[in-house]
Amino acid sequence: MATTPVPAKIAQRAAKLRTDLDAHNYRYYVEDAPAVSDAEYDTLFRELQALERDYPALATPDSPTQRVGGQAATEFDPVTHRAPMLSLNNAFTNEELEAFDRRVRTALALEEVDYAVEPKFDGLAVSLVYKQGKFTLGATRGDGYTGENVTANLRTVRAIPMRLPAGAPPLLEVRGEVLMLKRDFAALNATQEAAGDKLFVNPRNAAAGALRQLDPTITASRRLAFFSYGVGAVDWGKVKPPATQEALLDLLSALRLPVASQRSVVRRLEGLLGYYRAIGDKRDSLPFQIDGVVYKVNQFAHQERLGFVSRAPRFALAHKFPAEELPTQVLAINVQVGRTGALTPVAQLKPVFVGGVTVVSATLHNEDEVRRKDVRVGDTVIVRRAGDVIPEVVRVLPESRQKNAPQFVLPKRCPECGSKVVRLPDEVIARCSGGLVCPAQRKQALLHFASRRAMDIEGLGDKLVDQLVDAGLVHTPADVYKLDAGALAALDRMADKSAANVVAAIGKSRATTLSRFIYALGIRHVGETTAADLAKHFGTLDALLSADEQALIEVRDVGPVLVQSILQFLAEPHNRDVIAQLRAGGVHWTESAPRQAIRGKFSGLTFVITGTQPTLSRDDAKALIEEHGGKVAGSVSKKTSYVVAGADPGSKLDKAGELGVPVLDEQQLMAMVAHGRIER
DNA sequence: TTACCTCGAGCTCA
DNA sequence: CTCGAGGTAA
């Protein structure tokens with residue numbers, strides 16, 4: 001198809017409009033100083049749209065008009081991050097901050113360290129991939145390794161450039177935060193209210209909601225902002241890699257990527273504290289919500305030397321503002337019964353809006369905790385939503401205490417089934433002794449059985465489980481496989497179609513794996529990992545069912561507590577009966593040969609590693625020992641066969657001396673691997 | 001723990 | 001239109 005030639009004047013005008021629109025976006029989102037009103041912006045935008053409509057050749061993909069393209073997706077594809085998106089360690093107190101600075105200085109052997117500092121945005125972490133300067137992929141953080149592809153939605157974020165200026169690195173993965181400016185949030189809620197739609201609770205949730213839209217046009221209308229704070233995988237190409245965090249941010253900024261203008265570089269602990277205070281004072285006047293500040297050791301060379309601890313860098317710290325605390329009233333203290341029968345007191349609270357959400361309940365953990373805080377019904381308490389998201393009762397306001405409000409006592413009988421409540425000596429948790437007689441425990445056990453990581457019965461959620469148990473249709477997991485569509489269809493909100501779906505899901509779940517099955521049984525202390533270990537070790541269910549203490553302890557990572565728990569479960573005839581019924585009900589899996597018991601040189605031996613070995617790292621040494629059938633324990637006891645000591649050994653070496661446990665160095669350990677046991 | 005979005009399906013009323 | 005279930009995020 002022939003395209004209409006574009007007159008030079010028109011092309012110039014389009015180019016001008018494009019630069020202007022981009023500049024306005026930049027002023028609005030990055031410099032927080034809009035130069036034109038929304039209406040003026042719209043006029044320019046529509047003019048450009050009109051030009052592009054008349055001359056389609058002008059409509060290049062990086063034009064601001066092309067941000068909303070394509071149609072609604074049906075789901076988000078998974079994206080594996082080129083470099084994992086790690087989380088940061090948190091600090092709430094000055095002491096924790098001091099400890100951070102001290103650790104950094106010690107590790108670097110420096111008197112004072114420069115830190116790049118910036119606000120900690122309260123939004124959603126995303127990764128943007130630019131290839132040859134073009135925005136090609138945007139993803140959510142997900143679990144840090146795999147996120148969701150939200151490219152179409154991120155294209156609508158005007159603060160995110162579609163194209164970087166010339167001279168950008170050939171591959172640049174930008175890390176940053178998507179958020180909603182306070183003023184855009186207020187405007188959004190105003191329109192929502194005018195339209196009679198639901199209001200959003202806070203900017204963060206509004207941003208999260210916008211990003212999860214399948215239809216990018218909705219995302220576009222929600223006006224998201226973006227700030228970058230780092231990079232992931234990068235191919236610098238001809239660009240000279242920056243040597244500091246500060247230089248990196250300068251570079252990003254030069255590439256027209258938004259960077260917080262409040263960033264700075266400070267020196268020593270005093271500098272960190274000063275910045276924390278300064279930002280804290282400015283907090284309310286900032287255009288976006290923040291929940292603290294972030295400190296990063298400025299020099300990349302230093303960062304590399306500091307390295308990582310498990311999933312977080314040792315060179316960075318998020319210093320959070322104190323959690324918001326508000327008073328509210330305790331309406332009641334309920335007692336919940338968990339899957340294992342654990343009784344948990346839960347405070348029902350008069351709803352309070354704290355830390356961005358409405359809190360109506362907070363766990364009080366256990367009886368001792370309630371006593372320690374002395375929470376009573378009717379009290380006014382201080383509630384806080386801590387950094388870990390879970391609401392907590394901080395303390396009681398003593399003056400609020402009603403006269404003769406009784407102290408909380410855990411009921412002697414289970415509130416669900418009336419069975420006796422027992423609390424073993426040395427344990428904080430009280431439990432209902434009713435076992436599976438207790439409907440609450442039955443429901444929880446069933447829910448666990450059906451859950452995604454266990455038997456994965458789709459559609460069997462808590463409401464349905466409630467109904468099934470209350471109606472007496474299901475007593476044990478085995479009964480699930482005796483259900484038919486007819487029985488189900490008699491329940492609320494369960495017409496023919498739903499019933500058929502649930503029956504189909506139940507049928508599908510019959511084909512499973514041994515490891516899922518073991519996990520689904522809900523044996524105490526047997527989680528997913530242990531279930532997998534057991535399945536692998538024994539290979540068949542019968543082998544597990546007939547295992548004795550001796551056989552169980554040989555399983556990797558299975559200790560005495562686990563052994564007792566498993567034996568207790570298996571000793572219960574009822575449990576064996578349910579297992580038999582499940583198999584009779586058609587639950588099946590492929591069994592495998594039991595794992596060859598490792599008949600290595602070290603089988604039956606327990607090692608404890610202490611200090612730094614000359615060549616092997618702790619993990620290497622552990623792997624080496626396990627490879628040969630040995631076990632590695634954390635502390636020395638009289639059951640320890642050998643202690644492997646390196647440089648700077650800890651107290652474990654002294655303990656070995658006391659107990660007369662033989663001590664090896666790395667060389668002797670290697671010799672044992674090569675030649676067998678050392679004769680002593 | 002709370003909030004958000006999406007989907008399928010049931011419920012309700014015209 | 002409303003509900004339950006499932007998923008994600010902090």
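Each chain gets a letter, A, B and so on, in the order its sequence line appears, and its residues count up from 1.
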Quickly work out the [X] [atom1] to [N] [atom2] distance and round it to whole Å.
{"X": "Arg493(A)", "N": "dC7(B)", "atom1": "CZ", "atom2": "P", "result": "18 Å"}
{"X": "Asn153(A)", "N": "dC5(B)", "atom1": "CG", "atom2": "P", "result": "12 Å"}
{"X": "Phe76(A)", "N": "dG7(C)", "atom1": "CZ", "atom2": "P", "result": "15 Å"}
{"X": "Leu468(A)", "N": "dA5(C)", "atom1": "CG", "atom2": "P", "result": "10 Å"}
{"X": "Met494(A)", "N": "dC3(C)", "atom1": "CE", "atom2": "C1'", "result": "11 Å"}
{"X": "Leu464(A)", "N": "dG6(C)", "atom1": "CG", "atom2": "P", "result": "10 Å"}
{"X": "Asp496(A)", "N": "dC11(B)", "atom1": "CG", "atom2": "C1'", "result": "15 Å"}
{"X": "Glu458(A)", "N": "dC7(B)", "atom1": "CD", "atom2": "C1'", "result": "10 Å"}

In terms of side-chain geometry, is the basic nitrogen of [X] or [Y] positioned less than 4.0 Å from the acidic oxygen of its partner?
{"X": "Glu369(A)", "Y": "Lys373(A)", "result": "yes"}
{"X": "Arg183(A)", "Y": "Asp32(A)", "result": "yes"}
{"X": "Glu325(A)", "Y": "Arg384(A)", "result": "yes"}
{"X": "Arg452(A)", "Y": "Glu458(A)", "result": "no"}
{"X": "Glu416(A)", "Y": "Lys443(A)", "result": "no"}
{"X": "Asp466(A)", "Y": "Lys463(A)", "result": "no"}

Only counting residues at least two apart or in another chain, list the ones meeting ring pair (Phe, Tyr, Trp, His ring centres under 6.0 Å) with Phe517(A).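 Phe517(A): ring pair (Phe, Tyr, Trp, His ring centres under 6.0 Å) contacts with Trp589(A).
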Can you check whether [X] has a side-chain N or O nearer than 4.0 Å to OP1 or OP2 of [N]?
{"X": "Asn202(A)", "N": "dA3(B)", "value": "no"}
{"X": "Ser498(A)", "N": "dG10(B)", "value": "yes"}
{"X": "Gln467(A)", "N": "dG4(C)", "value": "no"}
{"X": "Lys198(A)", "N": "dC4(B)", "value": "yes"}

Please tabulate the protein-to-nucleotide N/O contacts below 3.5 Å involving nucleotides 8-10 of chain C, giving atom names and distances.
| unit_1 | atom_1 | unit_2 | atom_2 | d |
| --- | --- | --- | --- | --- |
| dA9(C) | OP1 | Thr140(A) | OG1 | 3.3 |
| dA9(C) | OP1 | Gly142(A) | N | 3.1 |
| dA10(C) | OP1 | Ala125(A) | N | 3.3 |
| dA10(C) | O4' | Arg204(A) | NH1 | 3.3 |

Minimum-distance nucleotide (side-chain atoms of Lys463(A) versus dT1(B), dC4(B), dG4(C)):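 Per side-chain heavy atoms of Lys463(A), the pick is dG4(C).
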Residue Arg222(A), side-chain atoms from C-beta onward, closest of dT1(B), dC5(B), dA3(B):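 Nearest to the side chain of Arg222(A) among the choices is dC5(B).
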Using a 3.5 Å distance criterion without hydrogens, assess whether the side chain of Arg263(A) forms a donor-acceptor pair with backbone atoms of Val117(A).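 The answer is no, because no donor-acceptor pair under 3.5 Å joins these two groups.
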Looking at every strand, decide which applies to Asp462(A) at a 4.0 Å heavy-atom threshold: base, sugar-phosphate, or nothing.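 Asp462(A): backbone/sugar contact only, no base atoms under 4.0 Å.
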Of all of residues 350-369 of chain A, which get a heavy atom below 4.0 angstrom from DNA chain B, listed by number?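 Per residue number, the list reads Val357(A), Thr358(A), Val359(A), Val360(A), Ser361(A).
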Would you check if there is a donor-acceptor pair between the side chains of Ser127(A) and Glu173(A) at a distance under 3.5 Å?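 There is such a pair (donor and acceptor under 3.5 Å, judged by atom type) between the side chains of Glu173(A) and Ser127(A).
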Step through the shown structure and confirm whether more than 12 heavy atoms of other residues, nucleotides or ligands are within 6.0 Å of CZ on Arg453(A).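 Counting neighbours around CZ of Arg453(A), 12 or fewer heavy atoms of other residues, nucleotides or ligands fall under 6.0 Å, so no.
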